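Okay, so here's the structure we're looking at.
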Amino acid sequence: MINKKEPDKFLVLNELARRRGFFWPSFEIYGGIGGFVTYGPLGKKLKLNIESKLRDIFVNKIGIFEIESSIITPGKVFESSGHVNHFKEPMVECFNCNERFRADHLINEKLGISLIDIEQKSLAEIAEVIKKNKIECPECNHNFKEPTQFLTMFKTTIGPYSGAIGYGRPEAAQSIFVEFNRLYNMAREKLPFGVIQIGHALRNEISPRQGLIRLREFTIADLEFFFDPEVADCSMINEVKNEILPILLAEKREKGLEDTINITVREILDKKIVCSEWQLFFMVMAKKLLLSIGVPIEKQRFIEKLPWEKAHYATQCFDQEVYVTRWGWIEVSGHAYRTDFDLNCHMQASGADFRVFKELEKPIVKKQLTVKPKMAIIGPEFKDKAAELVESLLKIPAEEIVESLEKKGYYLVGDKKISSNHVEIIQQKNIIRGKRFIPHVVEPSFGCDRLFYVALEYALTTKDDRNILSFPITIAPIQIGVFPLVNKDGLNKKSKRIAAFLRTEGLLVEFDDTGSIGRRYARADEAGIPLCITVDYTTLDNDTVTIRDRDLWDQIRVPLCDLSFLLSDYFKEKIKFKDFGDFIKSK
RNA sequence: GCGGUUGUAGUCUAGUUUGGUUAGGACUUCAGCUUCCCAAGCUGAUAACCCGGGUUCAAAUCCCGGCAACCGCACCA
């Protein structure tokens, strides 16, 4: 096992995927373009099945809302969220050789200014730094043109005549945040609640590689979970207390160590390793999701991001990683504690109020002293200075004014004397029924194309030089193959009838009568079909068929009349293949 | 974006060094025959030189440019 070199499953899978129609690079007839893929018939089904796993866990079982919003987004949204500032890199181009360089890297190299500091600078400031310090092209020592920004978001204009800028969303989260008020309303104005969106996102990567792992257009599943930071307990955490998570902590990573610890949820809570219970809960769900699509726990881990690796919005962030043969550990989901960053940004930029009202158990009654200016007297007396005076007056605590009035008979605002004639002193009962605050957010975010890839990689096995995709039965793109043993004596007709019947029962069935029976099994294995039904001469005698298991290559004979409920239970994972009956002895 | 390697049917590939008849093979696919359980066999069919330009009587082959893929670097917020 140790000496055995792992085969590069990436190459095998890419070849298989093209040939059998799981996925392939898009636009090949025009030479192809990096970062875009087309999912074929089998791939699309598999992808839908994986997405419905996600739905099942988060939407159906936990009750997260699912919404769908547009990909094209007005520029303001991403300006407010900070993306326009963070999704760009300053570039400079040489006048002489037209070579392009990252301006921030050049400045960092030549002057030793940290990348984080440079990031704060505007383009004009960067241009100035380059001019002042006479930074020249490292290739030919000529001057640079004015620096420009390379934006990794896709930019467009909205409408034919307007210059309104729009961006292709680089993530689906912002279109949840901007709808917060309506969604909160639909949650009956109660926290906590969550909203998920599964859809396409666009990132104009400089060099997308690695097939499905890094695309320019990809499917993202962003879940935003809103909660009250003062009532941050997760109501479902007890159900998962004994679950184990493999975690690689930031403190270990900083020392260059790779030792993952397997630790129970209970212990994580005790040691306060993850700062939000809800985040921890979603990490457990993410682990379960990956298990359900066939990735064993020992090939999963959660790594804590180091401070400089974190996104601009996150305070604590864990990446869920899966081990793949070609690249080692790759990220499949990110779990970020975004606090109130995003809602706050949009609130300030748009003027919308995203604060929620929290009622106190007992309203607080406060006696409050208020000084109310009598404008009828102040106005005529101070004329054009009146407005300024009143403004200053209202900023001063009422007690201070009252005290001064009682002691001295007047109160000085600047050089103006205010006497008790000018104001009315009111003793008010103020009832505070609650307070307003901006909810906090934890965000699990899944790359669906990566889930798809790892599902394929972990499904791939070989037997007698044959490729088999041993998908978990609930995500298999096709459920049943129906074959006549040979193509004569009415076996073909009979099997077509059985296939049609199973389809009416709601099963995904493929009928195949070409080539030999062995070839059809091989084809079915490569498409990952879990069960194959074969109609033979015994079927004509007594209405029984054989069912073959993809992974065992064993067969069991069952009566036609039992087929429907056996298969139905099987795909609901209520029974196993061996529960169908006795294995037929192979010759 | 930089450096290296590469680009021939659906897939894998021979041919490229040294330009030359109809680009060869295997698997797949399709049709027919055959076939009582794991890619069997027989017959036939479909199907390719990444794109553009140049050199030449003649280019898959040589040259230039582009595109794409892979590996390394950088990037992946």
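Everything numeric here is computed off the predicted structure, so don't read it as measured data. Chain letters run A, B, ... following the sequence lines, proteins first and then strands; every chain starts at 1.
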## Note on the structure
Across every strand shown, the nucleotide meeting Watson-Crick or G-U wobble geometry with B:rG32 (both distances under 3.5 Å) is B:rC42
### Message
Base, sugar-phosphate or nothing for A:D525? Non-hydrogen atoms, less than 4.0 Å.
### Response
nothing
### Query
With sequence neighbours left out, which residue pairs that include part of residues 20-30 of chain A fulfil the salt bridge (charged side-chain N to carboxylate O under 4.0 Å, His left out) condition?
A:R18-A:E28, A:R20-A:E526
### Message
Need one value for A:E331: base, sugar-phosphate or nothing, where a base atom within 4.0 Å counts as base even if backbone is also close, heavy atoms only.
### Response
nothing
### Task
Mind checking A:G211 for me? I need base, sugar-phosphate or nothing, with any heavy atom below 4.0 Å counting as a touch.
sugar-phosphate
## Note on the structure
The Watson-Crick or G-U wobble partner of B:rC62, with both key distances under 3.5 Å, is B:rG54
Restricting both atoms to N or O, compile the protein contacts to nucleotides 43-45 of chain B shorter than 3.5 Å, with distance only.
none

### Task
Kindly say whether, by distance alone, the side chain of A:D536 makes a donor-acceptor pair under 3.5 Å with the base of B:rC37?
yes
### Task
In whole angstrom, give the distance that lies between atom NE2 of A:H83 and atom C1' of B:rC76.
14 Å
#### Entry: Residues which pass side-chain hydrogen bond (donor to acceptor under 3.5 Å, both in side chains) with A:E258, listed by chain and number, not counting sequence neighbours
A:R301
#### Entry: Ring center gap for A:F10 and A:W327 short of 6.0 angstrom
yes
### N or O in side chain of A:R523 less than 4.0 angstrom from B:rU29 OP1/OP2
yes
### Query
Mind checking whether A:F154 and A:Y167 have ring centres under 6.0 Å apart?
no
### Ring centres under 6.0 angstrom apart (A:F471, A:Y458)
no
### Query
Can you find a donor-acceptor pair, distance only, under 3.5 Å between A:T546 side chain and B:rC37 base?
yes
### Task
Please lay out, stage by stage, how A:H200 and A:E217 fare under the test side-chain hydrogen bond (donor to acceptor under 3.5 Å, both in side chains).
CA-CA 7 Å; A:H200 278 205; A:E217 177 165 350; 2.6 Å; yes
### Query
Are A:F354 and A:F177 close enough that their ring centers fall under 6.0 Å?
no
### Query
What pairs with A:E15 under side chain to side chain contact (heavy atoms under 4.5 Å, CB included), at least two apart in sequence or on another chain?
A:R19
#### Entry: Watson-Crick or G-U counterpart of B:rC67, or none if no pair lies under 3.5 Å
B:rG7
### Task
May I ask you to list the residues of residues 509-522 of chain A, by number, that have any heavy atom positioned under 4.0 Å from an atom of RNA chain B?
A:T514, A:S516, A:I517, A:G518, A:R519, A:Y521, A:A522
### Query
If the P atom of B:rC57 is compared with that of B:rC73, how far apart are they to the nearest Å?
48 Å
### Query
What integer number of Å spans the C1' atoms of B:rC62 and B:rU18?
11 Å
### Query
Could you state the CZ-P distance from A:R18 to B:rU13, rounded to the nearest angstrom?
12 Å
### Message
Applying a 4.0 Å non-hydrogen cut-off, can you work out what A:L16 is touching in the nucleic acid: base, sugar-phosphate, or nothing?
### Response
nothing
### Summary
Contacts satisfying salt bridge (charged side-chain N to carboxylate O under 4.0 Å, His left out) that involve residues 541-553 of chain A (not counting sequence neighbours) are A:K494-A:D543, A:D525-A:R548
### Task
Could I get the full list of side chain to side chain contact (heavy atoms under 4.5 Å, CB included) partners for A:I517, not counting sequence neighbours?
A:F483, A:L485, A:R520, A:Y521, A:T534
### Query
Which residues within residues 336-348 of chain A lie with some heavy atom under 4.0 Å of an atom in RNA chain B?
none
Between the protein and nucleotides 48-52 of chain B, are there any N/O to N/O pairs under 3.5 Å, and if so, what are the atom names and distances?
none

### Query
When the distance from CD1 of A:I584 to P of B:rC37 is rounded to whole Å, what number comes out?
12 Å
### Task
Mark yes or no for a side-chain to base donor-acceptor pair under 3.5 Å between A:R214 and B:rC75, with no hydrogen or angle criteria applied.
yes
### Task
Determine the contact category for A:W327: base if any of its heavy atoms lies under 4.0 Å from a base atom, sugar-phosphate if only primed atoms, P, OP1 or OP2 are that close, otherwise nothing.
sugar-phosphate
### Query
In whole Å, what separates the C1' atom of B:rU46 from that of B:rC30?
7 Å
### Task
Would you please name every residue forming a side chain to side chain contact (heavy atoms under 4.5 Å, CB included) with A:V178, sequence neighbours left out?
A:V77, A:H346
### Protein-nucleotide distance (A:D465, atom CG; B:rU28, atom P), rounded to Å
14 Å
### Check: A:R548 side chain, B:rC38 base, donor-acceptor under 3.5 Å
yes
### P spacing across the pair B:rG7 / B:rU61, given as an integer number of angstrom
12 Å
### Message
Going by the rule ring-ring contact (aromatic ring centres under 6.0 Å, His included), which residues pair with A:F446 if we only count those two or more places apart in sequence or in a different chain?
### Response
A:F58
### B:rA14 pairs with, by Watson-Crick or G-U criteria that keep both distances under 3.5 Å
none
### Nucleotide forming a Watson-Crick or wobble pair with B:rU21, both distances under 3.5 Å
none
### Message
Counting the atoms with a prime plus P, OP1 and OP2 as sugar-phosphate, which does A:E526 contact under 4.0 Å by heavy atoms, base, sugar-phosphate, or nothing?
### Response
base
### Message
Tell me whether the side-chain N/O atoms of A:R326 come closer than 4.0 Å to OP1 or OP2 in B:rC71.
### Response
yes
#### Entry: Counterpart base for B:rC76, defined by Watson-Crick or G-U wobble contacts under 3.5 Å
none
### Task
Would you jot down, in residue-number order, the residues of residues 448-455 of chain A having a non-hydrogen atom under 4.0 Å from RNA chain B?
none
